[in-house]
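Heads up, the thing below is written out as structure tokens.
Here is how names work: the chains are called A, B, and so on, in the same order as the sequence lines, proteins then strands, and each is numbered from 1. Atoms considered below: every heavy atom in the structure, side chains included; atoms not considered: hydrogens, waters and symmetry mates.
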2 protein chains.
Amino acid sequence: MKKKITLKTIAKELDVSVSTVSKALKNSREISLDTRKKIQAFAQLYNYRPNNIAISLKNRRTKNIGVIIPDIIHHFFTSVFRGIEKYANTKGYNVIVCISDESFDKEVINMELLANGSIDGYIMSLAGETQKKGDYSHLISVVDQGIPLVLFDRVTDQIQCDKITINDEEAGYMATKKLIEGGSKNIALVMNENYLNVDAQRAHGYYRALQEAGLKVDDSMILRLPYQFEDEEKSEWFFKENDIDGLLSVNEVFAIRCMKRLQQLGKRIPEDVAIIGFTNGILSQMANPPLTSVTQYGQRMGKTAAQFLIERVESQLEDTQMPYRTEVIQADILERETTR
Amino acid sequence: MKKKITLKTIAKELDVSVSTVSKALKNSREISLDTRKKIQAFAQLYNYRPNNIAISLKNRRTKNIGVIIPDIIHHFFTSVFRGIEKYANTKGYNVIVCISDESFDKEVINMELLANGSIDGYIMSLAGETQKKGDYSHLISVVDQGIPLVLFDRVTDQIQCDKITINDEEAGYMATKKLIEGGSKNIALVMNENYLNVDAQRAHGYYRALQEAGLKVDDSMILRLPYQFEDEEKSEWFFKENDIDGLLSVNEVFAIRCMKRLQQLGKRIPEDVAIIGFTNGILSQMANPPLTSVTQYGQRMGKTAAQFLIERVESQLEDTQMPYRTEVIQADILERETTR
DNA sequence: TAGGTCTACGAAAACGGTTTCGTGTTAATA
DNA sequence: TATTAACACGAAACCGTTTTCGTAGACCTA
């Protein structure tokens, strides 16, 4: 087992000072070419790698990004994550991931875990519980300390920071309109039973489209489900009770689950019931029939988030002031086989 | 914007030395109760948090785990990751994730990125290219440096380290046997076109079951696909050419894609073709019909991997020698509706 | 009263780098 | 020949902790 080699080792071995070694390895002209060559050769030979932690301590930056997301089962979050990771890596940053599990407490704990200098900034999407509770003190505290924060998807205007969202209201509107244009009149909306700002936005769009088409807006047409969809009875009851011919879901998991249930009840998709779900993930692609869906461009979202964060981190070094930005990524509807 | 508060700040403010502050905050009996109380109160008031980086430097350990996985679209990897993350967090460790994208070069770069002291150890599943190439020098180098490494799923016996696998050969055997018992005689095997040790193992099991049942083993019954399944023609041709009544796939994505293709060709599942896939993920659950699959217990795998790694990391501190362990997690077959 | 033992704290080294500043030697200039 | 500039390097401070060791003063004991 090889011991780790440090500047000190090299210095001792080559009988020069640590500062000389450091400068030589940075190819500083302050050191004679001879000495530089010698030191560089030695370092190469012994495969010297500067200790990142020491550099982090010195520079007071880690080149680590903290990502906190509610879950990793929804394709949307994994694709955003992928976008972040890809971009960050090209910039020499690493990504530390924590999963809040939709829980307020875990979100707080995870932020704490990362707060002590382990990361240069956060990229987050709020936990459901946090949005429900409306308690953002942990975020405020972070922003107060001057730690950069980028919020995506599940954002809040209680916090001043960079944000990336999609045009949820409009997407909800467009999707609903598409269902209406396909001839649907009784359109159900499936959303999370716990409050999420994105769901609320999408619901707005849904309402607007219905009203515009002169269709009745009825709260009984809304099915609210728990994150994991464990509540089988609720949906069973809902679909028996309501005679729907269209369905809009705020995510693809709900959409597919509902589609299966409808199929079990003998409904044909899309002839009897047309369906659109948010998130164009593998589930939507692989579904039978393939699901028409609102593509959220998760990877692009992640990339933009990472870009915003890194720009802000690096702007801090130069002490330049940057205004907070909000980018809205336009969602599209990708038509497949569950709409008419 | 609040400035970060350090031991030095507190020391200056309270007119004591840094060492006194440090000890007082650890509630050392070396410091008088009065002083302790005073310092603790002050720290509390200003919300002092020790700088993790400094502690890492001092302790020469970061409490970070590096995870390198080939992709994040297969449910198997995300579930292993989730297992790692969950367990690691309970032990106060953070997880840094890199994705190798099945590429040798990216795997090497990612390892380098993490090697410089950012992490205490690695948990990895090898990239396809790495297994194909058979070049493990980057891993050997890491092990040589004494950095703990745990390999899961895609392992190799070229490297001496802790390993977690499933009983791939046996699982392949059992799955094939189940298909045979269901009456299938012409059973296709779908695997990655690039060499993967897990695929090879599963194929062994498949052969063994066929031979045992006296069925002919024919290489033309094997469909080899690229990771992303972009090669639509190949599978189309395969299913037109071969009249199969059973199919075993090394992952759920291939399984579902093949099922869709077979359905398009008018085959009924499972009446005409019975299907079993590896990985019991959401895709399998949501498929239509739901896929019978080999459950790999990804979360448990991740948890065990994290446990092995953390145990080894912490054993290093006490200089105790630990033998390398290999844990084989028994895979089960979960019967759903694609088998008879 | 000299010597010993606590108590309560501080100085300093250490972790592994970077960077500023100072200095001895040599060479160039007045 | 005296002055100065350039060169090549080293000492030391610093990032924020932890930890070992040293010690001043109070108190106790023979």
message: On DNA chain C, compare the nucleotides closest to A:K4 and B:T35; which residue's is nearer the 5' end?
response: B:T35
query: Are A:Y46 and A:F42 an aromatic pair by the rule of ring centers under 6.0 Å?
result: yes
OP1 or OP2 of [N] under 4.0 Å from side-chain N/O of [X]:
X: B:K58; N: C:dA13; answer: no
X: A:S32; N: D:dC7; answer: no
X: B:Y48; N: D:dT17; answer: yes

- request: Look at the side chain of A:D71 and the backbone N and O of A:I73, then say whether any donor-acceptor pair between them is shorter than 3.5 Å.
  value: yes
field: A:D162 (side chain) donor-acceptor with A:R325 (main chain) under 3.5 angstrom
entry: yes
Can a donor-acceptor pair be found between the side chains of [X] and [Y] at a distance below 3.5 Å?
X: B:E327; Y: B:T304; result: no
X: A:S141; Y: A:Q145; result: yes
X: A:D135; Y: A:S137; result: yes

Between [X] ([atom1]) and [N] ([atom2]), how many Å, whole number?
X: B:K38; N: C:dA8; atom1: NZ; atom2: P; answer: 13 Å
X: A:R60; N: C:dG17; atom1: CZ; atom2: C1'; answer: 15 Å
X: A:N51; N: D:dC15; atom1: CG; atom2: P; answer: 18 Å

message: Using a strict heavy-atom distance below 4.0 Å, which residues from residues 9-30 of chain B are in contact with DNA chain C?
response: B:V16, B:S17, B:S19, B:T20, B:K23, B:E30
- prompt: Which part of the nucleic acid, if any, lies within contact of A:R49, taking any heavy atom under 4.0 Å across all strands shown: a base, the sugar-phosphate backbone alone, or nothing?
  reply: sugar-phosphate
- prompt: Base, sugar-phosphate, or nothing: which does B:S56 touch, judged by heavy atoms less than 4.0 Å apart?
  reply: nothing
